[in-house]
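Structure record follows, encoded as structure tokens.
Quick note: numbers below take in every heavy atom, side chains included, and nothing from hydrogens, waters or symmetry partners. Letters A, B, ... are given to chains in the order of the sequence lines, protein chains preceding strands, and every chain is numbered from 1.
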2 protein chains.
Amino acid sequence: MRPLFHPAIEDVRPEAILHALADPHRAAIFATIMRAGCVEACSALSVVGDRVIPKSSLSNHFKVLREAGLIRSERHGVEVRNASRWTEVEGRFPGLLTGIINAYAAAAGARERERGPADPR
Amino acid sequence: MRPLFHPAIEDVRPEAILHALADPHRAAIFATIMRAGCVEACSALSVVGDRVIPKSSLSNHFKVLREAGLIRSERHGVEVRNASRWTEVEGRFPGLLTGIINAYAAAAGARERERGPADPR
DNA sequence: TCCGATAGTTCCGAAGTTCCGAACTATGGG
DNA sequence: CCCATAGTTCGGAACTTCGGAACTATCGGA
């Protein structure tokens, strides 16, 4: 299998990043990769929120994130490990990812607050 | 014609904003509305970059921006005036719009620099 | 070496979205 | 009342996304 394609940081385009993160599933996946010490196998993420994502869709989500320049994926034996390219992207587009991740967090917080603070999600 | 629909600021979802601004045309339109003292008629924007956008597409772009909560449009006689909802959105999702607009500006700057600094675009 | 299990990728059809020309609607002026 | 202007809606072609089934790569064990 050929090595997975990753754009150089100077070829990363804002519209690709916004498009990648405009999907809440992908945004959740990306947030998880970041939080999880920056390495995460694909299969560990097959449940996002309360929804099971089929393998083929997941694979595609990772491809979109990868080609947008947001993550770096490499094969380790039978599994693929994903690291976020946060610092690179932050260096090129300061404040972009922070703003996006915070926005999703704020929206999730607001949703939780209005449907009862005991919601375990 | 019924009044144009605008979401309340607390109903604005980050994915809608990202989706709206993931299109470089729409991002350019939004950036222009902001720079232009926050009011701009639709037709003033029929040329974005070096590309002429058909009326129907433009109308649709405005609708997407409006329903994402990014602009407020109101009829003034025969024309529609558009104001950016920057401060509202900034209050709800701090840093989001700034990060996005800066990212596009950075990308445009880089493109210009590499194809010759005399590029008038 | 061969086999089975595991982890992902590719393929492809159905469903959904976007684009844009043409027809339509609303408003103001003469 | 009619025309011009500014936008919206309609509809079909082109593109994108989703997800099941089939495929591929790698590891561990016999």
Quick one: which protein N/O atoms are closer than 3.5 Å to N/O atoms of nucleotides 19-21 of chain D? Pair and distance per line, please.
from	atom 1	to	atom 2	distance (Å)
dG19(D)	OP1	Arg51(A)	NH2	3.3
dG19(D)	OP2	Ser57(A)	OG	3.2
dG19(D)	N7	Ser56(A)	OG	3.3
dG20(D)	N7	Ser56(A)	OG	3.1
dG20(D)	O6	Ser56(A)	OG	3.1

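- A distance-only check finds no donor-acceptor pair linking the side chain of Ser59(B) to the backbone of Lys55(B) [under 3.5 Å].
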Review item, side-chain donor-acceptor pairs of residues 7-14 of chain A, under 3.5 Å, at least two apart:
from	atom 1	to	atom 2	distance (Å)
Arg13(A)	NH1	Glu15(A)	OE2	3.2

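- Comparing the start and finish of the helix from dT1(C)-dA30(D) to dG30(C)-dC1(D), five pairs each, the helix axis swings through 10°, to the nearest 10 degrees.
- Scanning for side chain to side chain contact (heavy atoms under 4.5 Å, CB included) contacts around Ala22(A) gives Leu18(B), His19(B), with sequence neighbours left out.
- In this structure, the nucleotide among dT8(D), dG8(C), dT5(D) sitting nearest to the side chain of Glu79(A) is dG8(C).
- Atom CZ of Phe62(B) and atom CD1 of Ile71(B) lie 5.5 Å apart (nearest 0.5 Å).
- Arg26(A) pairs by the side chain to side chain donor-acceptor pair (under 3.5 Å) definition with His61(A), not counting sequence neighbours.
- A heavy-atom distance below 4.0 Å to DNA chain D is reached by none of the residues of residues 16-29 of chain B.
- Contacts between residues 58-74 of chain B and DNA chain C, counted as heavy-atom distances below 4.0 Å, involve His61(B).
- The CG atom of Asn82(A) sits 7.5 Å away from atom CZ of Arg66(A), with the distance rounded to the nearest 0.5 Å.
- With sequence neighbours left out, the side chain to side chain contact (heavy atoms under 4.5 Å, CB included) criterion links Glu67(B) to Phe5(B), Lys63(B).
- The side chain to side chain contact (heavy atoms under 4.5 Å, CB included) test applied to Glu74(A) returns His76(A), not counting sequence neighbours.
- What separates CZ of Phe5(A) from C1' of dT9(C) is a distance of 18 Å, to the nearest Å.
- Contact check for His25(B) versus Arg51(B): side-chain heavy atoms found under the 4.5 Å cut-off.
- Atom NZ in Lys55(B) sits roughly 16 Å away from atom C1' in dC19(C) (whole-Å rounding).
- One finds the CG atom of Asp23(B) at 14.0 Å from the CZ atom of Phe30(B) (value rounded to the nearest 0.5 Å).
- Annotation: salt bridge (Lys or Arg N to Asp or Glu O under 4.0 Å) contacts of Arg72(B) (sequence neighbours excluded): Glu88(B).
- Rounded to a whole Å, the NE2 atom of His76(A) is 12 Å from the P atom of dG8(C).
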Atom pairs and distances, donor-acceptor, side-chain atoms in residues 97-106 of chain B, under 3.5 Å, two or more places apart:
from	atom 1	to	atom 2	distance (Å)
Asn102(B)	ND2	Thr98(B)	O	3.4
Tyr104(B)	OH	Leu21(B)	O	2.6

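- When rounded to the nearest whole Å, the span between CZ of Arg75(B) and P of dA26(C) equals 9 Å.
- Scanning for side chain to side chain contact (heavy atoms under 4.5 Å, CB included) contacts around Ser57(A) gives Ile53(A), Pro54(A), with sequence neighbours left out.
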